[in-house]
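Report on the structure given below.
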Amino acid sequence: MKETKMIPFNQEPVLDTESLMAGLGITRQEANALLWKMFDDDIIDLIPRLNEGRAVV
């Protein structure tokens, strides 16, 4: 019997330079420009949010 590999499951998809480059087939410069455009248009926030449930006080 052939061995099968599980498809990795990420609950929160990653949106970064590398994922845009791989997913869209664009250059690093184009991916960075796209990220900055989305940030400028208030589509994404480049500062990660703190998960309050995991915050240590």
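Quick caveat, the model's predicted, so the values are computed rather than measured. As a basis for the values below, the full set of heavy atoms in this structure was taken, side chains included, without hydrogen atoms, waters or symmetry mates.
Shown here is Glu18, whose CD atom has more than 12 heavy atoms of other residues, nucleotides or ligands within 6.0 Å.
Taking each heavy atom of Asp16 and Leu35 in turn, the nearest pair found is C-CD1, 3.9 Å. Among all heavy-atom pairs drawn from Met38 and Leu20, the shortest one is CE-CD1, 4.4 Å. Across all non-hydrogen atoms, the minimal contact from Thr17 to Arg28 is CG2-NH1, 3.6 Å.
The salt bridge (Lys or Arg N to Asp or Glu O under 4.0 Å) search around Asp41 returns Lys37, not counting sequence neighbours.
Counting heavy atoms from C-beta on, the side chains of Leu34 and Leu24 come closer than 4.5 Å.
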